[in-house]
S.K.: 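One structure follows; several queries about it will come next.
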Amino acid sequence: MRYNIILYIVLFFGWSFTSCAQESEKIKIGVMSDPHYLSEQLMDRGSAIQNAVNTSGKAISDVPQILDQVLADYLNSDIEVLLIPGDMTKDGERQSHIDFVKKLQPLIDKGIKVFVIPGNHDVNVPHPLKYEGDKTYPTENVTPMQFRHIYADCGYNRALKRDTASLSYVAQLNDKTWLLAIDGCRYKEYTTSTISSGQISRETEQWIMGVMNEAEQNDIQVIGMMHHGLVEHIMFQATFFKDYVINDWQRLAPLFADSGMKAIFTGHFHANDITEYRSPRGNKIYDIETGSLCAYPFPYRFVELDRKGMTISTKNVTAIPNNTNLAEDNKAIMQERGRYIAMNKLKSMGMKLPDSTLSLMTDMIGRIFVMHLAGDEIVDEELKKTMKQLSQELDSSVPVPIDNIELDFYPADNNVKITF
């Protein structure tokens, strides 16, 4: 009898220790997004690629060195998983996809589980180009089937389940955690150009809910990954930048939160931002958007995930061998781009303002845009001064509560601990 009691005690405490270990077991994850990588075989240092850089603001010609630096850091770290939520390539070039996977191969060989999902610049892209000297030449794109084949070792061969209506899949991160990689891109509709907005089909949504129901029945925690944002990351994003939030997000966000998804890793808008969303039923989901490796502030993340939450830290590439002033140079480019976007938006809205007022407003928006790209936006004294000056020029009859303005949604964006 005494031995039976001892056995029960051992089994009980053994089970308890195992259970606690599973509850607290951390998964170490890297996250990088939107590198827009163009294979070195498809460009030189000629004027054609430089024109593309100047037009888009994306540091495409610098991405190979940026990517090498980030992947080397991940390779020397202790991450077990690397997530890449889309736009791996500049414009879906087949050679870029092939060479991108080659760059990932050392991580795969080390045993790091790499998971990707397509972005709007990855599949069926019309007219991808090679840049040589001052000319461009057509090059091959990839079909959905070719994409799945090229990235076989980056999620698809590890999939527990695959969606037949899209490139979505679910994979196991550990015994009690699944990654649900959601393909919300509209590449089946592409004709002469890509489509920036995202849409989850009815068939894919049904498949997602089936996965979530099975996870709930088996006490599995689900973390999502999708190219498009699930919720807004800035005020009025769905109004002014609607293509960067998944279509029908007002219904999908509470649906995902209420079905038990705790967090979703996204990209697309090129900003480093985290937003907490709470459904009407009180369930929370965190949209963790990671900025682009082709533009300021060149961020990439490290995440420690367990059943209770996650700790997130962010690093930024500031310099590469070809450009020791990379971050500051591109910050100025992005600020000007934000100003340009604001100017076009205001004109399209039919706003007729004096030139001095329009210049002041677009300069302010350009600065806020850059702040949002970097995350953890703070209204500093210089910005308050500009806002007050703008309010005076507009002769607003309604006082603007400048001292109480908050640009950033909860929680912090770069370094934060999240509790589920």
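All figures in this text were calculated on a predicted structure; none of them were measured in a lab.
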S.K.: Should the pair Asp183-Arg148 be classified as a salt bridge under the 4.0 Å nitrogen-to-oxygen rule?
M.R.: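 So Asp183 does not pair with Arg148 through a salt bridge.
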S.K.: Check for a donor-acceptor pair, side chain of Glu214 on one end and backbone N or O of Gly210 on the other, with a separation under 3.5 Å.
M.R.: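 A pair under 3.5 Å: no.
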S.K.: Calculate, to the nearest 0.5 Å, the distance between atoms CD1 and CG belonging to Ile112 and Leu75 respectively.
M.R.: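 Here the interatomic distance stands at 6.0 Å.
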S.K.: Quick one: do the Gln50 and Asn54 side chains pair a donor with an acceptor below 3.5 Å?
M.R.: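 Side-chain D/A pair, Gln50 to Asn54: present.
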S.K.: How far does CD1 of Ile29 sit from CG of Leu83, to the nearest 0.5 angstrom?
M.R.: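 Reported to 0.5 Å precision, the distance equals 5.5 Å.
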S.K.: Enter the distance from Cys154:SG to Arg158:CZ here, rounded to the nearest 0.5 Å.
M.R.: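 So the gap between those two atoms works out to 9.5 Å.
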S.K.: Taking ring-ring contact (aromatic ring centres under 6.0 Å, His included) as the test, write out the residues that go with His36, two or more places apart.
M.R.: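 Once residues adjacent in sequence are excluded, the partners of His36 under the ring-ring contact (aromatic ring centres under 6.0 Å, His included) criterion are His121, His270.
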S.K.: Is a side-chain donor-acceptor pair under 3.5 Å present for Asn120 with Thr194?
M.R.: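 Side-chain D/A pair, Thr194 to Asn120: absent.
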S.K.: State, yes or no, whether a side-chain contact exists between Leu173 and Phe115 at a heavy-atom distance under 4.5 Å.
M.R.: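 The answer is yes, as the side chains (C-beta and beyond) meet within the 4.5 Å cut-off.
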S.K.: Under the rule for ring-ring contact (aromatic ring centres under 6.0 Å, His included), what residues qualify as partners of Phe241, not counting sequence neighbours?
M.R.: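 Phe241 satisfies ring-ring contact (aromatic ring centres under 6.0 Å, His included) with Phe269 only.
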S.K.: Hey, does His149 have a side-chain heavy atom less than 4.5 Å from the side chain of Val142?
M.R.: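 Side chain of Val142 against side chain of His149, heavy atoms only: no contact under 4.5 Å found.
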S.K.: Mind checking whether Leu104 and Ile84 have side chains closer than 4.5 Å, heavy atoms only?
M.R.: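 Yes, at least one pair of side-chain atoms sits under 4.5 Å.
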S.K.: Under a 3.5 Å distance rule, please check whether Asn272 uses its side chain to pair with a backbone N or O of Gly375 as donor and acceptor.
M.R.: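 No; zero donor-acceptor contacts below 3.5 Å.
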S.K.: Ring centres of Tyr286 and Tyr277 under 6.0 Å apart?
M.R.: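 Not close enough - the centres of the two rings lie 6.0 Å or further apart.
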S.K.: Closer than 4.0 angstrom, basic N to acidic O: yes or no for Glu25 and Arg307?
M.R.: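 The answer is no: the pair does not qualify as a salt bridge.
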S.K.: Give the minimum heavy-atom separation between Lys102 and Pro106, together with the two atoms involved.
M.R.: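 Distance-wise, the nearest heavy atoms are O-CD, 3.6 Å.
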S.K.: Can a salt bridge be assigned to the pair Glu189 and Arg186 using a cut-off of 4.0 Å between side-chain N and carboxylate O?
M.R.: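 A salt bridge is present here (some side-chain N lies under 4.0 Å from a carboxylate O).
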S.K.: Work out which heavy atom in Pro411 is nearest to a heavy atom in Val416; give both atom names and the distance.
M.R.: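 Residues Pro411 and Val416, closest heavy atoms: CB-CG2, 4.2 Å.
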S.K.: Does Lys103 come within less than 4.0 Å of Glu40, counting only side-chain N to carboxylate O?
M.R.: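 Salt bridge between Lys103 and Glu40, a charged N being under 4.0 Å from a carboxylate O: yes.
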S.K.: Tyr156: what forms a ring-ring contact (aromatic ring centres under 6.0 Å, His included) with it, not counting sequence neighbours?
M.R.: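 Only Tyr169 meet the ring-ring contact (aromatic ring centres under 6.0 Å, His included) criterion with Tyr156.
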S.K.: Could you walk me through whether Ser313 and Arg301 satisfy the side-chain contact (heavy atoms from CB on, under 4.5 Å) test, starting with their C-alpha distance in whole Å, then the side-chain angles of each, then the deciding distance to 0.1 Å, before giving a yes or no?
M.R.: CA-CA 6 Å; Ser313 61; Arg301 298 189 187 272; over 6 Å; no
S.K.: Going through the checks in order, is the side-chain contact (heavy atoms from CB on, under 4.5 Å) test met by Ile182 and Ile208?
M.R.: CA-CA 8 Å; Ile182 300 170; Ile208 290 169; 3.8 Å; yes
S.K.: Does the Gln65 side chain pair with the main chain of Asp62, one donor and one acceptor, at a distance under 3.5 Å?
M.R.: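 Side chain of Gln65 to backbone of Asp62, a donor-acceptor pair under 3.5 Å: no, none is there.
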S.K.: Do the charged groups of Lys384 and Glu381 touch, with an N to O distance under 4.0 Å?
M.R.: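 Result for this pair is yes, salt bridge flagged.
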S.K.: Determine, using ring centers only, whether Tyr300 and Tyr74 are less than 6.0 Å apart.
M.R.: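 Ring centroids of Tyr74 and Tyr300 are less than 6.0 Å from each other.
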S.K.: Without swapping roles, check the side chain of Ser56 against the backbone of Ala52 for a donor-acceptor pair under 3.5 Å.
M.R.: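 Checking the backbone N and O of Ala52 against the side chain of Ser56, a donor-acceptor pair under 3.5 Å is found.
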S.K.: If you look at every heavy atom in Ser61 and Arg45, which pair is closest and at what distance?
M.R.: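 Taking Ser61 first and Arg45 second, the nearest heavy atoms are O-NH1, 3.5 Å.
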S.K.: Could you tell me the separation between the NZ atom of Lys417 and the NZ atom of Lys308, rounded to the nearest 0.5 Å?
M.R.: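 Lys417 NZ to Lys308 NZ: 9.0 Å, rounded to 0.5 Å.
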S.K.: I need the single residue from Asp287, Thr275, Ile288 that forms a side chain to side chain contact (heavy atoms under 4.5 Å, CB included) with Thr266. Which is it?
M.R.: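 It is Asp287; the other options fail the test.
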S.K.: Is there any ring pair (Phe, Tyr, Trp, His ring centres under 6.0 Å) pair reaching into residues 200-231, and which pairs are they, with sequence neighbours excluded?
M.R.: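 Sorted result for residues 200-231: His227-His268, His228-His268.
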S.K.: Please round to the nearest 0.5 Å and tell me the distance separating atom CG of Leu179 and atom CD1 of Ile264.
M.R.: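 Result: 9.5 Å between the selected atoms.
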S.K.: Do Gln95 and Asp99 get their side chains close enough for a donor-acceptor pair, meaning under 3.5 Å?
M.R.: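 Yes, Asp99 and Gln95 have a side-chain donor paired with an acceptor closer than 3.5 Å.
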S.K.: Are any side-chain N or O atoms of Asn141 and backbone N or O atoms of Gly92, one a donor and one an acceptor, separated by less than 3.5 Å?
M.R.: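 Between the backbone of Gly92 and the side chain of Asn141 there is no qualifying donor-acceptor contact (under 3.5 Å).
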S.K.: Between Asp273 and His372, does the side-chain contact (heavy atoms from CB on, under 4.5 Å) criterion hold? Intermediate values first, please.
M.R.: CA-CA 7 Å; Asp273 190 272; His372 179 60; 3.5 Å; yes
S.K.: Is any side-chain heavy atom of Met88 closer than 4.5 Å to a side-chain heavy atom of Tyr37?
M.R.: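 Not touching, per the 4.5 Å side-chain cut-off.
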S.K.: Please list, chain by chain and in numerical order, all residues satisfying salt bridge (Lys or Arg N to Asp or Glu O under 4.0 Å) with Asp91, sequence neighbours excluded.
M.R.: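 Once residues adjacent in sequence are excluded, Asp91 has no partner under the salt bridge (Lys or Arg N to Asp or Glu O under 4.0 Å) criterion.
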S.K.: Main chain of Ser279, side chain of Asn283: is a donor-acceptor contact present, judged purely on distance under 3.5 Å?
M.R.: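 Such a contact is absent between Asn283 side chain and Ser279 backbone.
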S.K.: Short question: side chain of Thr324, backbone of Ile320 - any donor-acceptor pair under 3.5 Å?
M.R.: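 No: the side chain of Thr324 does not pair with the backbone of Ile320.
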S.K.: If we ignore hydrogens and angles and just use 3.5 Å, is the side chain of Asn414 paired with the main-chain N or O of Ala374 as donor and acceptor?
M.R.: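 Yes, Asn414 side chain to Ala374 backbone: donor-acceptor pair under 3.5 Å.
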S.K.: For the backbone of Ile200 and the side chain of Thr204, can you confirm whether one donor and one acceptor N or O come within less than 3.5 Å of each other?
M.R.: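 No: the side chain of Thr204 does not pair with the backbone of Ile200.
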S.K.: Of all the heavy-atom pairs spanning Val123 and Tyr187, show the shortest one and how long it is.
M.R.: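 In this case the closest contact between Val123 and Tyr187 is O-CB, 3.3 Å.
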S.K.: Are any non-hydrogen side-chain atoms of Leu305 and Lys26 less than 4.5 angstrom apart?
M.R.: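 SC-SC contact between Leu305 and Lys26 ruled out.
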S.K.: Would you mind reporting whether Ser359 and Asp363 have side-chain heavy atoms less than 4.5 Å apart?
M.R.: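 Yes, their side chains come closer than 4.5 Å.
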S.K.: For a quick test of reading the model, state the closest non-hydrogen atom pair linking Asn330 to Gly57 and the distance between them.
M.R.: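 Scanning both residues, the minimum pair turns out to be ND2-O, 3.2 Å.
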S.K.: For Gly184 and Ile246, work out which heavy atoms get closest and say how close.
M.R.: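 For Gly184 versus Ile246, the nearest heavy atoms are O-CD1, 4.0 Å.
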S.K.: Could you verify whether a donor N or O on one side chain and an acceptor N or O on the other, from Ser292 and Asp34, lie under 3.5 Å apart?
M.R.: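 No, Asp34 and Ser292 have no side-chain donor paired with an acceptor closer than 3.5 Å.
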S.K.: Within the 4.5 Å heavy-atom criterion, are Leu38 and Thr89 side-chain neighbours or not?
M.R.: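 Leu38 vs Thr89: side chains apart.
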S.K.: At what distance, to the nearest 0.5 angstrom, does CD1 of Ile341 lie from CG of Asn344?
M.R.: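 Ile341 atom CD1 to Asn344 atom CG measures 8.5 Å (nearest 0.5 Å).
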S.K.: For atom CG of Asp355, decide whether the heavy atoms of other residues, nucleotides or ligands shown that lie under 6.0 angstrom number more than 12.
M.R.: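 Atom CG in Asp355 is not packed in, count stays at 12 or less.
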S.K.: Run the side-chain contact (heavy atoms from CB on, under 4.5 Å) check on Met226 and Leu180 step by step: do they pass?
M.R.: CA-CA 9 Å; Met226 180 172 67; Leu180 179 53; over 6 Å; no
S.K.: Before you tell me yes or no, could you show the steps for Lys28 and Asp306 under salt bridge (Lys or Arg N to Asp or Glu O under 4.0 Å), namely the whole-Å CA-CA distance, both residues' side-chain angles and the distance that decides it to 0.1 Å?
M.R.: CA-CA 9 Å; Lys28 296 184 178 180; Asp306 61 24; over 6 Å; no
S.K.: Report the residues that fulfil ring-ring contact (aromatic ring centres under 6.0 Å, His included) with Phe147, sequence neighbours left out, ordered by chain and then residue number.
M.R.: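 Scan of Phe147 (ring-ring contact (aromatic ring centres under 6.0 Å, His included), adjacent residues dropped) gives His97, Tyr151.
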S.K.: Please indicate whether Lys284 has more than 12 foreign heavy atoms, meaning atoms of other residues, nucleotides or ligands, lying under 6.0 Å from its NZ.
M.R.: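 Buried by this count: over 12 neighbours within 6.0 Å.
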S.K.: Using a 3.5 Å distance criterion without hydrogens, assess whether the side chain of Asn316 forms a donor-acceptor pair with backbone atoms of Thr318.
M.R.: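 Absent.
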S.K.: Do Glu304 and Met310 come within less than 4.5 Å of each other through their side chains, counting heavy atoms only?
M.R.: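 No, every pair of side-chain atoms sits at 4.5 Å or beyond.
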